[in-house]
Amino acid sequence: MSKRVTIPTHIAIIMDGNGRWAKQRGKERYEGHLAGVKSVRTVVEAAARAGVKYLTLYAFSTENWGRPTAEVDAIMELFCRTVVGEGETLAAQGVRVKIMGERTRFSATVLEMIDRIETTTAAGDRLTLVLAFNYSSRREMVLAMQSLAERVAAGQMRAEDIDEEAVAASLMTNGIPDPDLIIRTSGECRLSNFLLWQASYAEFYFPEVLWPDFDERAFAEALEAYAGRDRRYGLVKDES
Ligand code: IPE
Ligand code: IPE
Ligand code: MG
């Protein structure tokens with residue numbers, strides 16, 4: 001009997017454990033972030049091949065600015081270098097890149113790289129890769145509330161017209177379906193300010209593997225775990 005394989009439309013990943021991976025090897029934390037780029041490549045390719053349409057990767061949280069300056073600078077530099085190096089490849093693979101987060105605090109170079117990768121890959125229609133970079137879910141919701149309040153104050157809508165659709169349309173994920181599967185590597189079981197609104201009915205998967213060790217096999221295991229889940233959305237399962 002053939003097994004029905006359910007591929008999630010949208011997978012979101014909290015890429016965690018780079019620092020511990022480096023520490024285990026007696027290396028600087030930066031080396032862990034560098035090693036993590038390889039996992040990003042692997043997962044983007046595997047997701048596109050599997051038929052996933054949206055892949056969101058949590059790369060840098062707004063809270064991460066509080067890390068030592070040397071580490072923050074190294075992450076920014078790595079982001080720029082990766083964008084320069086991967087743009088053409090991603091475009092050729094049909095991957096469209098969107099950077100999701102507040103466009104504040106970034107250097108002019110980082111802003112230029114954000115612009116560059118989004119432009120280079122704009123035509124991609126196989127997989128949308130959303131990179132959460134300077135992203136905070138609570139901040140995203142505050143900004144959405146502000147924009148809705150401004151529209152009400154300007155007489156463009158009534159307070160009672162604010163429904164789930166209007167809120168969703170005011171978030172940074174506007175136009176992107178909610179994640180079906182949220183993966184967090186490294187054994188931590190928390191969201192750390194990631195997609196709090198959007199995660200309402202997501203399935204969660206917390207493998208022990210550290211992000212730099214997350215490979216094709218680990219990705220396949222995540223898909224397998226998801227396929228075995230029973231999503232009920234608060235309803236009673238049809239027994240017929
Ligand atoms: C995730 O790895 C990457 C970022 C947050 C930028 P960490 O750097 O958080 O790694 P651990 O959790 O310290 O091992
Ligand atoms: C969440 O990981 C942010 C990213 C993976 C980019 P953190 O390592 O920053 O989260 P906490 O501090 O363990 O909650
Ligand atoms: Mg961490």
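Whatever order the structure lists them in is the order used to number ligands and atoms, beginning at 1. Please read all numbers here as calculations on a predicted model, not as lab measurements.
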query: Given the side-chain rings of F79 and F133, with only the six-membered ring counted for Trp, is the space between their centroids under 6.0 Å?
result: yes

field: Top protein contact for atom 2 (O) of ligand 1, by heavy-atom distance
entry: N18 N, 3.3 Å

- prompt: Quick one: which of E63, M15, R67 has a heavy atom closest to atom 9 (O) of ligand 1?
  reply: R67

query: Is it the side chain (CB and beyond), the backbone, both or neither of R190 that lies under 4.0 Å from ligand 2, heavy atoms counted?
result: side chain

message: If only side-chain N and O atoms count, and only distance matters, is there a donor-acceptor pair under 3.5 Å linking Q198 with T173?
response: yes

query: Taking side chain as C-beta onward, heavy atoms only, is H10 less than 4.5 Å from T56?
result: yes

Check: R126 side chain, Q93 main-chain N or O, donor-acceptor pair, under 3.5 Å: yes

Geometric N/O contact S61 with ligand 2, under 3.5 angstrom: no

message: To check your reading of the model: name the closest protein heavy atom to atom 10 (O) of ligand 1, its residue, and the distance in Å.
response: G19 N, 2.9 Å

- prompt: Heavy-atom contacts under 4.0 Å between R20 and ligand 2: side chain, backbone, both, or neither?
  reply: neither

- request: Could you tell me whether atom 12 (O) of ligand 2 has at least one protein heavy atom nearer than 4.0 Å?
  value: no

- prompt: Relative to ligand 2, is F194 under 4.0 angstrom through side chain, backbone, both or neither, heavy atoms considered?
  reply: neither

task: Could you tell me if any non-hydrogen atom of H33 lies under 4.0 Å from any atom of ligand 2?
output: no

message: Looking only at side-chain N and O atoms, does Y30 offer a donor or acceptor that is under 3.5 Å from a partner on E71?
response: no

- request: Evaluate the ring planes of F106 and W65, with Trp represented by its six-membered ring, and classify them as parallel (under 30°), tilted (30 to 60°) or perpendicular (over 60°).
  value: tilted

query: Between A59 and ligand 2, which residue portion shows a heavy-atom distance shorter than 4.0 Å: side chain, backbone, both, or neither?
result: backbone

query: Which single N/O/S atom of D16 lies at minimum distance from the Mg ion (ligand 3)?
result: OD1

query: So, S136 versus N193: side-chain donor-acceptor pair below 3.5 Å or not?
result: yes

